[in-house]
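Report on the following structure.
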Amino acid sequence: MIFETIRAIIAEQFGLPAEEITMDTDIFEDLNADSLDLVELSIAIEDEYSLDEMGEDDVKGIRTVSDLVDFVARSIA
């Protein structure tokens with residue numbers, strides 16, 4: 001469930017078909033995201049899951065969609 005929601009957010013933000021986004025998708029290499037894209041993505045995730053602001057240390061550890069899904073799962077547990 002978390003993956004599908006995050007995949008939809010990423011697809012919308014990057015203008016991609018959701019089917020192209022997998023758990024192994026590298027946010028920087030596969031999506032060509034830069035730091036601003038990651039900030040915008042983190043804000044969308046925070047809003048979707050009513051999370052506190054993601055800190056710099058949280059964002060540093062996120063490289064793939066799987067990393068992001070794991071972060072959200074830990075945060076809402």
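Owing to the predicted nature of the structure, the values given are computational and were not obtained by experimental measurement. For the numbers below, each heavy atom of this structure counts, side chains included, while hydrogens, waters and symmetry mates do not.
- Nearest approach of I9 to A44, heavy atoms of both residues: CG2-CB, 3.7 Å.
- Under a 4.5 Å side-chain heavy-atom criterion applied to ILVMFWY residues, the cluster that includes V39 comprises I43 as well.
- Linking Ile, Leu, Val, Met, Phe, Trp and Tyr whenever their side-chain heavy atoms come within less than 4.5 Å puts I6 and I76 in one cluster.
- Of all the heavy atoms in F28 and L38, the pair that sits closest is CZ-CD2, 3.6 Å.
- Around the CG atom of D47, the shell of radius 6.0 Å holds more than 12 heavy atoms that belong to other residues, nucleotides or ligands.
- Applying the side chain to side chain contact (heavy atoms under 4.5 Å, CB included) criterion to A11, with sequence neighbours excluded, gives A18, I21.
- Put simply, CZ on F14 and CD1 on I27 are 7.5 Å apart, with the number rounded to the nearest 0.5 Å.
- Residues in residues 1-24 take part in these side-chain hydrogen bond (donor to acceptor under 3.5 Å, both in side chains) pairs, two or more places apart or across chains: T22-T25.
- Considering only heavy atoms from C-beta on, L51 comes within 4.5 Å of F71 through its side chain.
- The side-chain heavy atoms of L68 and L41, taken from C-beta on, include a pair separated by under 4.5 Å.
- Remark: D70 engages no residue in a side chain to side chain donor-acceptor pair (under 3.5 Å) (not counting sequence neighbours).
- Annotation: salt bridge (Lys or Arg N to Asp or Glu O under 4.0 Å) contacts of D37 (sequence neighbours excluded): none.
- Here CG of D26 is found 9.5 Å from CG of N32. Values are rounded to the nearest 0.5 Å.
- For the pair F3 and M23, the tightest heavy-atom approach, listed with the atom from each and the gap, is CD1-SD, 3.3 Å.
- Two residues are said to be in side-chain contact when any heavy atoms from C-beta on lie closer than 4.5 Å; L16 and L31 meet this criterion.
- Every salt bridge (Lys or Arg N to Asp or Glu O under 4.0 Å) that E29 has, sequence neighbours left out, goes to R63.
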